[in-house]
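Chain A is the first sequence line, chain B the second, and so forth, proteins listed ahead of strands; every chain is numbered from 1.
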Amino acid sequence: MRWSRYFLYTLRDNPADAEVISHQLLARAGMIDKLAAGIYTYLPPGWRSIDKLMRIVREEMNAAGAVELVMPCIQPAELWQESGRWQAYGKELLRIKDRHEREFCFAPTAEEVITDTVRRRVTSYRQLPVNLYQVHTKFRDEIRPRFGLMRGREFLMKDAYSFHASAASLEEAYRAMEHAYRRIFDRCGLRYTAVEADTGNIGGSESHEYMVLADTGEDAVVACACGYGANLEKATTGRIAEMPAWPGQIPSAPEAVHTPGTSSVPDVAAFLHLQEPHLIKTMIFETDQEFVVALVRGDDEVNEIKLKNALGCTHLQLAAEAKVEQVSGGAMGYSGPVGLRGVRLVADPEVMRMPVAATGANRGDYHLVGVVPGRDFAADLVVDLRQARVGDPCPRCGSPLEIRRGIEVGHIFKLGTKYSKAMECHYLDAQGGVNPMIMGCYGLGLGRTVAAAVEQNHDEHGIIWPRPLAPFEAEVIALNPDDATVGQTAERLYGELQSAGVEVLFDDRDERAGVKFNDADLVGFPVRVVVGKKNAEQGLVELSLRRDRVKTPTPIADAAAKVRELLEQA
RNA sequence: CGGGGCGUAGCUCAGCCUGGUAGAGCACACGGUUCGGGACCGUGUGGUCGGAGGUUCAAAUCCUCUCGCCCCGACCA
């Protein structure tokens with residue numbers, strides 16, 4: 001491909017709205033173009049990268065036994081009503097009506113359609129298992145799209161769905177998908193980690209996320225050298241250290257202490273001459289149907305996802321100040337578990353393990369000191385609520401945990417029978433019994449993976465594509481294409497590389513050397529071939545790898561072969 | 001949805017506070033010099049100042065409404 005005949009326009013300035021490096025570089029390198037918030041055109045070179053990833057994904061999915069199909073992205077409301085998600089999904093689901101006022105949505109995912117597709121054909125255990133996938137555009141009406149391809153509203157996703165007659169069969173498919181995902185991300189040259197994850201509103205039991213490690217990642221990942229890894233939302237820890245010894249004796253009943261103007265945990269602890277772990281932190285939440293009081297130790301934070309899962313509710317948020325006062329009968333910042341009535345009390349096990357504590361008195365400017373969990377209040381539910389912290393003991397080996405940032409590029413779930421039950425996707429077993437199929441689903445964000453590759457592979461000059469995702473493997477630059485020797489040499493090399501099967505872009509533009517060099521660095525071709533006048537007259541061209549930018553003069557006759565060698569290292 | 005900010009040329013922005021001829025750099029076109037790391041000189045093309053209403057002799061500028069976009073907090077591939 002000749003640059004002069006291609007469609008590649010680089011930008012000198014960063015777009016004003018691009019914040020993260022992958023967004024800036026993809027935009028400046030002429031790979032993506034924003035059309036609306038979270039909605040992008042994949043320009044020709046950008047599409048080449050996406051297409052390359054798509055091929056890798058297809059190869060690995062096919063190798064793992066999955067079969068490709070494509071489902072509609074406009075889906076009828078009826079199916080979503082059948083699964084219950086028409087109500088449950090919320091505003092992220094883009095709902096549309098046709099001219100007859102019939103309701104549809106733009107698919108954010110495809111469990112409903114695939115379940116319908118399978119149930120109308122598969123009726124016997126003999127036809128199972130089935131694993132179907134597609135690569136298609138999805139739409140999620142995100143509250144806040146940002147970071148270019150990393151969090152778009154419209155995005156390309158590979159989504160696969162498997163159907164089974166037994167948990168063992170699902171397990172087999174799940175492991176095959178895990179393996180396929182590792183192969184895909186390994187082939188892309190990404191540094192990533194697979195972690196245990198929350199299943200969110202897709203539902204299901206076991207779930208893993210594939211996180212590309214990058215400081216700009218939106219997710220926090222807890223990791224241990226022993227191999228344990230989990231999304232912070234999900235992470236559990238080993239038993240944390242007991243609270244420090246309580247100063248003085250444990251009173252026979254809680255005492256109310258006047259604590260004017262001190263409502264935060266650090267302030268209260270200092271005022272009472274206690275330490276933060278001596279306090280019980282009381283947070284009041286509001287769900288879709290009730291108020292709930294959550295208790296964690298003073299030095300811990302409530303993990304809202306864990307709380308949400310423990311309650312089995314779909315919406316959860318911190319209660320507003322007025323509601324707090326209504327529920328606790330006291331001012332915000334002075335809530336406590338003692339004497340609360342008419343609300344569910346959910347406590348972290350670490351709280352119930354505290355021999356004695358201080359907490360709010362449900363009365364403005366007062367705290368209770370000497371509260372004994374179990375004696376002075378009882379929890380309706382005791383469940384892990386605490387957010388893991390750096391240095392907490394690993395739940396598997398006890399070593400201190402680390403927390404790192406990651407970009408979620410893939411997510412696999414064991415769905416179980418949530419959709420097959422709701423949508424009557426049944427099969428007959430060998431005994432003639434009717435059973436819901438057991439399902440799994442496996443997502444992988446294509447644009448996000450490409451963006452993640454850029455986050456991990458760039459320098460101050462531009463993108464350094466891993467070869468498998470590079471829009472072109474090599475670039476031939478003719479410095480002065482009008483010079484006969486240069487022009488002929490460049491043409492010759494361009495032809496040789498093409499014949500050798502190298503994906504090569506020929507920069508034949510009438511631009512200054514600096515412009516071409518800067519564009520080459522920005523777009524990030526793994527291998528660069530520069531044909532200049534002086535070198536060419538001596539029968540030489542200059543080869544370099546984008547990665548190290550070390551220039552090597554090479555005889556013209558050897559150049560094409562040498563490019564292929566360099567590509568092996570790129 | 002709550003809080004903050006921005007919409008002026010293809011791109012990055014100035015002008016707005018204090019109303020009076022719409023600007024710069026880059027890009028683009030032409031001429032010349034230059035040419036291995038984003039050249040220089042000259043000439044030129046290009047803008048209903050996001051949109052609608054209002055105030056005013058006069059609005060990019062002041063007011064109201066609206067649309068779009070971005071940033072900070074709760075969702076997800």
Side-chain angles (χ1 to χ4, degrees), chain A residues 9-19 23 27-28 30 33-39 57 89-93 107-110 135-147 149-160 181 197-202 207 209-212 218-219 231 233 285-286 304-305 308 314-318 320 407-413 441-452 461-462 477-483 486 510-522 528 530-536 541-542 544 549 551 553:
Chain A
Y9 297 92
T10 58
L11 266 37
R12 185 171 293 210
D13 301 307
N14 275 325
D17 58 13
E19 247 215 319
H23 186 187
R28 282 182 50 208
D33 184 29
K34 186 173 78 170
L35 188 62
I39 301 178
V57 167
Y89 217 99
K91 289 188 180 171
E92 265 187 44
L93 186 63
T109 171
V135 178
H136 212 201
T137 297
K138 298 284 182 296
F139 192 93
R140 293 185 188 169
D141 203 355
E142 298 278 349
I143 298 160
R144 193 145 92 80
R146 56 182 148 174
F147 302 158
L149 293 190
M150 266 167 60
R151 179 191 282 263
R153 291 195 292 173
E154 185 179 296
F155 57 98
L156 267 175
M157 179 166 98
K158 184 283 299 173
D159 46 324
Y181 274 45
D198 183 66
T199 51
N201 65 5
I202 303 243
S207 171
E209 284 171 343
Y210 290 79
M211 304 291 240
V212 169
E218 292 189 272
D219 288 274
N231 191 307
E233 293 174 346
F285 289 89
E286 194 177 351
E304 294 189 24
I305 304 290
K308 194 167 151 185
T314 47
H315 296 288
L316 178 80
Q317 60 181 50
L318 270 172
I407 301 163
E408 181 190 354
V409 290
H411 200 162
I412 63 178
F413 300 81
C441 83
Y442 319 93
L444 192 156
L446 295 177
R448 211 181 242 194
T449 300
V450 168
H461 305 287
I477 297 179
L479 281 187
N480 4 40
D482 293 339
D483 178 88
V486 170
D510 181 20
E511 286 287 355
R512 317 196 97 233
V515 170
K516 294 185 180 184
F517 290 150
N518 282 316
D519 277 346
D521 287 345
L522 177 60
R528 189 181 84 177
V530 175
V531 183
K533 193 159 188 280
K534 279 185 189 158
N535 275 334
V541 294
E542 174 192 285
S544 62
R549 305 206 310 155
K551 303 166 186 172

message: Give me the atom names and distance for the closest heavy-atom approach of A:G447 to A:L149.
response: O-CB, 3.8 Å
- prompt: How close or far is atom P of B:C35 from atom NZ of A:K533, stated in whole angstroms?
  reply: 11 Å
query: Expressed in angstrom and rounded to an integer, what is the separation of A:M211 atom CE from B:A77 atom P?
result: 10 Å
Please produce a list of atom pairs where a protein N or O lies less than 3.5 Å from an N or O of nucleotides 22-30 of chain B.
none

For nucleotides 66-71 of chain B, which of its nitrogen or oxygen atoms have a protein nitrogen or oxygen under 3.5 Å away, and what is each distance?
unit_1	atom_1	unit_2	atom_2	d
B:C69	OP1	A:A37	N	3.1
B:C69	O3'	A:K34	NZ	2.9
B:C70	OP1	A:K34	NZ	3.1

task: Would you kindly give the CD1-to-P distance between A:I477 and B:C35, to the nearest whole Å?
output: 19 Å
field: Watson-Crick or G-U counterpart of B:C49, or none if no pair lies under 3.5 Å
entry: none
message: What I want to find out is whether A:E218 reaches A:R151 closely enough, with some N-O distance under 4.0 Å, to be called a salt bridge.
response: yes
query: How far does the C1' atom of B:G42 sit from the matching atom of B:C6, given to the nearest Å?
result: 37 Å
- prompt: For A:V409, which contact category applies under a 4.0 Å heavy-atom criterion: base, sugar-phosphate, or nothing?
  reply: sugar-phosphate
message: Is there a side-chain contact between A:N480 and the phosphate of B:G36, meaning an N or O under 4.0 Å from OP1 or OP2?
response: yes
message: Work out how far the P atom of B:C63 is from that of B:C17, and round it to whole angstrom.
response: 9 Å
- prompt: Rounded to the nearest Å, what distance is computed from the CG atom of residue A:L11 to the C1' atom of nucleotide B:G10?
  reply: 10 Å
message: Need to verify one output field. Residue with the more 5' nearest nucleotide on RNA chain B, A:D521 or A:I305?
response: A:D521
- request: Tell me what A:N14 touches on the nucleic acid: a base, only sugar-phosphate, or nothing, going by heavy atoms under 4.0 Å.
  value: sugar-phosphate
- prompt: Say you pick atom C1' in B:C11 and the same atom in B:G20; how far apart are they, in whole Å?
  reply: 31 Å
message: Mind checking if A:P108 touches a base, just sugar-phosphate, or nothing, with heavy atoms under 4.0 Å?
response: nothing
query: Nearest heavy-atom pair of A:K551 and A:S544: which atoms, and what distance?
result: CA-CB, 4.1 Å
task: Can you see which heavy atom on A:Y181 is nearest to which on A:K158, and at what distance?
output: OH-NZ, 2.7 Å
- prompt: Is the closest side-chain heavy-atom distance between A:T109 and A:R140 below 4.5 Å?
  reply: yes
- request: Applying side-chain contact (heavy atoms from CB on, under 4.5 Å) between A:L156 and each of A:V450, A:L444, A:L446, report the one that passes.
  value: A:L446
field: Rounded C1' spacing from B:C28 to B:G46 in Å
entry: 9 Å
- line: Any strand, both distances under 3.5 Å, Watson-Crick or G-U wobble: B:C16 pairs with none
statement: Pairing partner of B:U33, by Watson-Crick or G-U wobble and under 3.5 Å for both distances, is B:A39
- prompt: Expressed in angstrom and rounded to an integer, what is the separation of A:F413 atom CZ from B:C76 atom P?
  reply: 9 Å
- prompt: To the nearest angstrom, how far is A:R151 atom CZ from B:A74 atom C1'?
  reply: 11 Å
- request: Report the C-alpha distance between A:N14 and A:R28 in whole Å, list the side-chain angles of each, state the deciding distance to 0.1 Å, and finish with yes or no for side chain to side chain contact (heavy atoms under 4.5 Å, CB included).
  value: CA-CA 6 Å; A:N14 275 325; A:R28 282 182 50 208; 2.7 Å; yes
- prompt: Mapping A:K534 and A:L446 to their closest nucleotides on RNA chain B, which lands nearer the 5' end?
  reply: A:K534
- line: In this structure, CE of A:M157 is separated from NE2 of A:H411 (nearest 0.5 Å) by 11.0 Å
- request: Sticking with atom C1', work out how far B:A52 lies from B:G15, rounded to a whole angstrom.
  value: 24 Å
message: Categorize A:G532 for me: base, sugar-phosphate, or nothing, with a 4.0 angstrom heavy-atom threshold over every strand shown.
response: base
message: Please find the pair of heavy atoms, one from A:D219 and one from A:E408, that lie closest to each other, and give the distance.
response: OD2-CB, 4.0 Å
statement: When both distances are under 3.5 Å in a Watson-Crick or G-U wobble arrangement, the nucleotide paired with B:U61 is none
Syn/anti state of B:U55 by chi, 90° boundary around 0: anti
query: If the C1' atom of B:A59 is compared with that of B:G51, how far apart are they to the nearest Å?
result: 15 Å
message: Need the pair for B:C75. Rule: Watson-Crick or G-U wobble, both distances under 3.5 Å, any strand; none if unpaired.
response: none
query: Can you tell me how far P in B:C16 sits from the matching atom in B:G7, rounded to whole Å?
result: 12 Å
query: What integer number of Å spans the C1' atoms of B:A14 and B:A9?
result: 13 Å
task: Would you kindly give the NZ-to-C1' distance between A:K308 and B:C75, to the nearest whole Å?
output: 7 Å
task: Output the distance between atom CG (A:L11) and atom CG (A:D519), rounded to the nearest 0.5 Å.
output: 10.5 Å
field: CZ-CD distance between A:F285 and A:E304, expressed to the nearest 0.5 angstrom
entry: 4.5 Å
- prompt: What nucleotide, of B:G36, B:G38, B:A74, holds the atom closest to the side chain of A:L479?
  reply: B:G36
task: Searching all strands shown, indicate the nucleotide that pairs with B:G25 (Watson-Crick or G-U wobble; both distances under 3.5 Å).
output: B:C11
query: Between atom CZ of A:F155 and atom NE2 of A:H136, what is the distance when rounded to the nearest 0.5 Å?
result: 12.0 Å
query: Counting only Watson-Crick or G-U wobble pairs whose two distances fall under 3.5 Å, which nucleotide matches B:G68?
result: B:C6
- prompt: If you measure from the ring centre of A:F517 to the centre of the six-membered ring in the base of B:G38, is it under 5.5 Å, with the planes under 30° apart?
  reply: no
- request: Please state how far atom CG in A:L149 lies from atom P in B:A77, giving the value in whole angstrom units.
  value: 17 Å
